[in-house]
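Data block below; observations after.
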Amino acid sequence: PGYINSESYHTGMLWALENLAWMPEHLSSATSILAGLTAKDPGGQLANRPANSLTEIFKAWHPQTFSSPEARTEALKTIVRKYPDVGHTLLVQLLPSSHGIAHETHKMRWRLSESPRSTGIAYDEIYKAYGATLDLLIEHFDNSEEQFKKLVEVSDNLEHFERQRLLDFLETKISEVKFTTT
């Protein structure tokens, strides 16, 4: 922080990584770095945090990258593999929400700014992204009470068929979950 006013010196770095995430050839490495920063983030009052950048880049209905849906899924797989806790939190945030809003990430002014990008995302693409996110959550479920609880909480916002798939999965795993007793 600055002496007279509060400044955030990491903003430029986050903007640079957000810029790189727009380019398909850099999505995976830029978001992996953001995930590493998220794992080390001490928190703070500013909304400009690496975790928020990640969420905005990967939002199914408002992606902040020119990468294909398949490339976004592969980048998410890398994050979950390298940073399981960050990955789990990110995946949960990427599931449907009844009160979701989106914020623009930083975008280069001099490069790719004129690249064609459709203004809308097809519902089919959004549902596939939600399905891929749920697949990753199920694949990397760690049998913890915390993850179990979080998945039950978010199941309410899923489409019927995805909700049922998640609840069926949780039913098969309940005997393996390490619940704490109080």
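- One distance of note links OG1 of Thr65 with CE of Met23; it measures 9.5 Å at 0.5 Å rounding.
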Side-chain donor-acceptor distances from residues 131-142 under 3.5 Å, at least two apart:
residue, atom, partner, partner atom, Å
Thr133, OG1, Ala129, O, 2.9
Asp135, OD1, Arg165, NH1, 2.6
Asp135, OD1, Arg165, NH2, 3.1
Asp142, OD1, Ser144, N, 2.9
Asp142, OD1, Ser144, OG, 2.7
Asp142, OD2, Gln147, NE2, 3.3

Discussion item. Checking Thr78 against Arg81 for the side chain to side chain contact (heavy atoms under 4.5 Å, CB included) test, could you report, in this order, the C-alpha distance in whole Å, the side-chain angles of both residues, the deciding distance, and whether it holds?
Written reply: CA-CA 5 Å; Thr78 299; Arg81 190 180 67 253; 4.0 Å; yes
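- Side-chain contact between Ser155 and Leu167: present, with at least one pair of heavy atoms (C-beta onward) separated by less than 4.5 Å.
- Counting only heavy atoms from C-beta outward, the side chains of Leu76 and Leu94 approach each other to under 4.5 Å.
- The distance from the CG atom of Asn157 to the CG atom of Leu95 is 8.5 Å, given to the nearest 0.5 Å.
- Ring planes of Trp15 and His106: parallel class, angle under 30° (limits at 30 and 60°).
- Residues Gln64 and Trp22 have side chains in contact (heavy-atom distance under 4.5 Å, counting atoms from C-beta outward).
- Once rounded to the nearest 0.5 Å, the distance linking CG of Asn52 with OG1 of Thr105 reads 12.0 Å.
- Heavy-atom contacts from other residues, nucleotides or ligands closer than 6.0 Å to OH of Tyr123 number 12 or fewer.
- Side-chain contact check for His62 and Glu104: at least one donor-acceptor pair (N or O, by modelled atom type) lies under 3.5 Å.
- The structure places OG1 of Thr89 at 12.0 Å from CD1 of Ile79, a figure rounded to the nearest 0.5 Å.
- Sorted by first then second residue, the salt bridge (Lys or Arg N to Asp or Glu O under 4.0 Å) pairs that include residues 54-68, not counting sequence neighbours, are Glu56-Lys59.
- Heavy-atom contacts from other residues, nucleotides or ligands closer than 6.0 Å to CD of Glu145 number more than 12.
- Residues Lys77 and Val80 have side chains not in contact (no heavy-atom distance under 4.5 Å, counting atoms from C-beta outward).
- Within the 4.5 Å cutoff, the side chain of Thr38 has no heavy atoms near those of the Leu90 side chain.
- Residue pairs meeting the salt bridge (Lys or Arg N to Asp or Glu O under 4.0 Å) criterion with at least one partner in residues 88-97, sequence neighbours excluded, do not occur; the list is empty.
- Between the Arg163 side chain and the Leu158 main chain, a donor and an acceptor come within less than 3.5 Å of each other.
- Ile174 places a side-chain heavy atom less than 4.5 Å from the side chain of Phe148.
- Salt bridge annotation for Lys149-Glu153: present, with a cationic side-chain nitrogen under 4.0 angstrom from a carboxylate oxygen.
- Rounding to the nearest 0.5 Å places CD1 of Ile57 at 9.5 Å from OG of Ser67.
- Within the 4.5 Å cutoff, no side-chain heavy atoms of Ile121 are placed close to those of Trp61.
- Using a 4.5 Å heavy-atom cutoff, the side chains of Tyr130 and Glu162 are not in contact.
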